[in-house]
Peer 1: 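Before anything else, here's the structure in question.
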Amino acid sequence: MALKKLVAGNWKMNGLAADLGQLVEIARAPAECDVALCLPATLIERASRAAPNFAVGGQDVHASASGAHTGCVSAAMLQDAGARLTIVGHSERREAQHESDADVRAKASAALDAGLEVILCVGESLAVREAGAAVATVSAQLDASLPDRPVTAVAYEPIWAIGTGRIPTMDDIAAMHAALRERLVAAYGEAGGAVRLLYGGSVKGSNAAEIFAVPDVDGALVGGASLTAADFLPIVAAAN
Ligand code: PEP
């Protein structure tokens, strides 16, 4: 099934109010695919006001609705600020914040319960890829991270491809996405066929068209190249 592509940016810990002009330029550009930007929590409300019809998201969410969780943000808070979606399970959080598959599953459930769309990230390390265990490892990671209800998108992001300029071969992306599609259908039945499978890791204007032509690639999660309209819009154009 051909799904409408989703090109989502992840600004990570980048962006001040002065950078919202980039978001406004991205929001105004014509697009036939869905486009979203996941921002630092500090910018979500101002971004929603600056581009009211544009999909603004968070980069993480706490699994609890409220309480003694210093520094954390709940799904209701993201929504209150104007977010429509959130990323969960990014490898930088799985590594640096020691988030487990169970944590990611709980976060995804909390976000879905609150009415947010969810992009759930999975991906293997270079050691796992070189050991020939990438598909088995990422499939198991996905199985253990998926909530009971379908997420909006799953982003396959090889950790070794993030911010490095290296990407897997198109055959490797195809093999991984086919395996993840199987897991999604096993988990959700027919609805698993409608979950968009994004590729993430060093996507740029120069490689996006080739990546988007791979079967079962329904869009991209983009880090560095989402920070400016000049870098991001060619990726959106490739998906159109
Ligand atoms: C990411 O961290 O989600 C990502 C894909 O980063 P980059 O595009 O910079 O590799």
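Note that ligands are numbered from 1 as they come in the structure, with each ligand's atoms numbered from 1 the same way. The analysis underlying the following values was restricted to heavy atoms, covering all of them including side chains, and did not include hydrogens, waters or symmetry mates.
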Peer 1: Please report the closest heavy-atom contact between Lys204 and Ile235, naming both atoms and the distance.
Peer 2: C-CG1, 3.6 Å
Peer 1: Quick one, list the residues around ligand 1 where some non-hydrogen atom comes in under 4.0 Å, by chain and residue number.
Peer 2: Asn10, Lys12, His90, Glu92, Glu157, Ala161, Ile162, Gly163, Gly200, Gly201, Ser202, Leu221, Val222, Gly223, Gly224
Peer 1: Output all residues satisfying side chain to side chain donor-acceptor pair (under 3.5 Å) with Thr164, sequence neighbours left out; order by chain, then residue number.
Peer 2: none
Peer 1: Under the ring pair (Phe, Tyr, Trp, His ring centres under 6.0 Å) definition, can you give me all pairs with a residue in residues 188-219, not counting sequence neighbours?
Peer 2: none
Peer 1: Could you check Glu99 against Arg93 for salt bridge (charged side-chain N to carboxylate O under 4.0 Å, His left out), going step by step and ending with a plain yes or no?
Peer 2: CA-CA 6 Å; Glu99 288 184 3; Arg93 293 200 61 87; 2.7 Å; yes
Peer 1: Looking at Arg28, I'd like to know if its CZ atom is crowded, meaning that more than 12 non-hydrogen atoms belonging to other residues, nucleotides or ligands lie closer than 6.0 Å.
Peer 2: no
Peer 1: Taking transitive links into account, so neighbours of neighbours count too, which hydrophobic residues share a cluster with Leu126 at under 4.5 Å side-chain distance?
Peer 2: Trp160
